[in-house]
Amino acid sequence: MKAPPLTALLASLTAIASSQAAAQGDETAAPPPPAEYNAKLLLTNGISAVDGASGGGIANWATIAGRQSDRGFGLQAHATFIALPDFAYQSQGVAIGIADRMELSYARQNFDTLDVGAALGIGQGYTLNQDVYGAKLRLAGDLVYGAPHMPQIAVGVQHKRNLDGAITAAVGAAHDTGTDFTFSATKLVLSRSLLLDATMRLTKANQNGLLGFGSVAGGGYSLQFEGAAAYQFSRRLVTGVEFRSKPDNLGLGEDDWFDLFAAYAVTRNLTLTAAYADLGSIATFEDQRGAFLQAQVAF
Amino acid sequence: MSLTALIPLLLVQQAPAKTVDWDAEFGVEEEVRDPVTGELPVDPYDQSNTNAGAEPISGDRMAEQFGGQEGIRIIVNRMVDLSIEDPRIAAIFEGHDHVRLRRTLFEQFCYLLAAGCDYTGRDMESSHAGLGIRKPDMNALVENLQRAMRERGVPFGAQNRFLAKLAPMSRSVVTRK
């Protein structure tokens, strides 16, 4: 006897619930984007710089990591290898981009001294290690869109923790941790297919921090410049040059860095970069020029 | 109790008569496509080339690289075909007059590429008002346009020079975060 009304009640409740759900769905959310959704144009998340931030290979750019736009969380991860005459550098890291506004990054750098380690008496193949924690905030502008002369502008901070304090003290560095501050402006000049970047960096780091920070002799913060100019050959291929000036707090003849790079977006989510890098003199070992290779995945 | 009473009420509800003209009942006017152009009527607006949102490219090299008016028309139609089928942005085009869209986009591209057209469409603000376009939608459209240009063999540098004309329009087109 009670069954029909109950069934009717359930049916009507179900109908109401489903119609409300449908109405809410219509109002609040477009259908979820398909799985292949990549909100950014190819390569516009940059590759991963040696210190883990989105950028070029050696220069930090104003780009934000990951392939998501202003609503999503993007993620990118990289592994970089640089083969030099007397050293082998390797790093890996992850970065997340939040709403194309903020980037949080981490990179672990491992600098293998190979035979130099034995020559310096710290041990054959002694490896210097460093953790780099970064944050970057996009202040204004857009890499691709908006006014042609208004670049994407970002500020960043990078806290570096060298894990070999005994070595950094031995070479005369004042600290084994240090914090860099960056200010970057980057623009894709579509009319010329050119990507241009200029970044100012306030830093105490010796060899990016791998030889510590500052100097017991008194070297402190100095303002350094890094930048890139790259030409876009196709949607997938960009080649360019980078430059990064460095202080010489330790008086070891530390040189500025240069590279010539080619980055290729194999798929939307995989970018391979090869470069010829000239890192100059490192720990008095001159002419450290070699191949830079990076694989980056981004979502 | 009341629920039990409801069921007979539901049962006696009758379907409305099939003969009722609901459009007339609610005063809905049927839009008739223009027999010549095939377009639906639009509210009047001031026509001007300034509505195109940018100045034309100087010289006729770009028009050549895009294959003249014929090439531009193929690229526009391909871009629209790709976009109305693109699950990322298809919804934006639903309920719009695709005939008019193809014509005005052609005129705009042709005008900006200095291929000998005038633009008779609306300006970028009013033609995109209320569409709720986001930056990723713009990127999806750019990808479809790039594909259309690539398929027609437009050199990449020329593609970018044209995109450089369109990119600043994001300020009028992208209205939603």
Side-chain angles (χ1 to χ4, degrees), chain A residues 1-13 15 26-27 29-42 44-45 67-72 74 99-101 141-150 187-195 231-238 268, chain B residues 1-11 54-55 57-58 62 85-92 94 112 124 131-147 149-150 154-177:
Chain A
M1 289 296 275
K2 294 273 179 193
L6 256 180
T7 320
L9 177 65
L10 280 173
S12 55
L13 279 176
D26 286 343
E27 275 170 28
E36 72 276 13
Y37 201 78
N38 272 273
K40 281 184 186 162
L41 293 172
L42 277 181
T44 59
N45 55 312
R67 301 199 36 76
Q68 293 307 313
S69 187
D70 38 25
R71 278 188 188 173
D100 200 26
R101 174 62 67 182
D142 189 293
L143 181 68
V144 181
Y145 297 121
H149 301 295
M150 176 62 189
K187 188 74 179 177
L188 179 59
V189 184
L190 281 168
S191 58
R192 299 266 176 277
S193 296
L194 276 180
L195 182 129
Y231 184 79
Q232 212 187 355
F233 280 94
S234 76
R235 260 176 3 121
R236 295 183 184 279
L237 177 67
V238 61
R268 289 167 180 270
Chain B
M1 275 293 275
S2 56
L3 274 167
T4 328
L6 198 62
I7 290 168
L9 264 177
L10 284 169
L11 290 173
E55 289 296 309
I57 282 164
S58 53
M62 283 285 280
E85 294 292 324
D86 184 337
R88 297 175 296 180
I89 53 174
I92 294 169
E94 273 172 25
L112 293 176
M124 292 302 103
L131 294 181
I133 293 173
R134 300 175 53 225
K135 198 160 80 178
D137 303 327
M138 183 116 175
N139 284 344
L141 185 81
V142 166
E143 286 179 357
N144 294 338
L145 173 56
Q146 285 177 321
R147 180 166 163 194
M149 293 189 291
R150 193 166 62 242
V154 178
F156 189 73
Q159 292 182 25
N160 271 352
R161 275 199 293 287
F162 181 48
L163 290 179
K165 283 283 172 195
L166 304 180
M169 297 177 194
S170 65
R171 288 170 289 184
S172 312
V173 170
V174 176
T175 53
R176 200 163 61 116
K177 271 283 175 190

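In what follows, every chain begins at residue 1, and chains take the letters A, B, ... in the order their sequences are listed.
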Asks: Can you tell which of A/L190, A/D142, A/V144 has the highest number of heavy-atom pairs within less than 4.5 Å of chain B?
Replies: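 Going by pairs under 4.5 Å, I would pick A/L190.
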
Asks: For residues B/R161 and A/S191, report the shortest heavy-atom separation together with the two atoms involved.
Replies: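 Shortest heavy-atom contact: CG-O, 3.2 Å.
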
Asks: For A/D100 versus B/K135, what's the shortest heavy-atom pair and its separation?
Replies: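 Distance-wise, the nearest heavy atoms are OD2-NZ, 3.6 Å.
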
Asks: Using heavy-atom distances under 4.5 Å, tell me whether A/R192 contacts chain B through its side chain, its backbone, both, or neither.
Replies: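 Contact with chain B: none, neither part.
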
Asks: Listed by chain and number, what are the side chain to side chain donor-acceptor pair (under 3.5 Å) partners of B/K165, not counting sequence neighbours?
Replies: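 Scan of B/K165 (side chain to side chain donor-acceptor pair (under 3.5 Å), adjacent residues dropped) gives none.
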
Asks: Can you tell me which of B/A158, B/P168, B/G132, B/G157 forms the most heavy-atom pairs within a distance under 4.5 Å of chain A?
Replies: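 Most heavy-atom pairs under 4.5 Å with chain A: B/P168.
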
Asks: Give, for atom CZ of A/R235 and atom CD of B/E143, the distance between the pair rounded to the nearest 0.5 Å.
Replies: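 Nearest 0.5 Å value for the CZ-CD distance: 6.0 Å.
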
Asks: So B/R176 and A/R71, do their side chains get closer than 4.5 Å, heavy atoms only?
Replies: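 Counting from C-beta outward, A/R71 and B/R176 do come under 4.5 Å.
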
Asks: Tell me, do B/F156 and A/L237 make a side-chain contact under 4.5 Å, heavy atoms counted?
Replies: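 Of all side-chain heavy-atom pairs linking A/L237 with B/F156, none is under 4.5 Å.
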
Asks: What closest approach, in Å, do B/A167 and A/Y145 show between heavy atoms, and which atom pair accounts for it?
Replies: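 Residues B/A167 and A/Y145, closest heavy atoms: O-CD2, 3.7 Å.
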
Asks: CE of A/M150 to CZ of B/R171: how many Å apart, nearest 0.5 Å?
Replies: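 Output value for this atom pair is 11.0 Å.
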
Asks: Using heavy-atom distances under 4.5 Å, tell me whether B/M169 contacts chain A through its side chain, its backbone, both, or neither.
Replies: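 The answer is neither part of B/M169.
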
Asks: Would you please name every residue forming a side chain to side chain donor-acceptor pair (under 3.5 Å) with A/S193, sequence neighbours left out?
Replies: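 Per chain and number, A/S193 pairs via side chain to side chain donor-acceptor pair (under 3.5 Å) with B/N160.
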
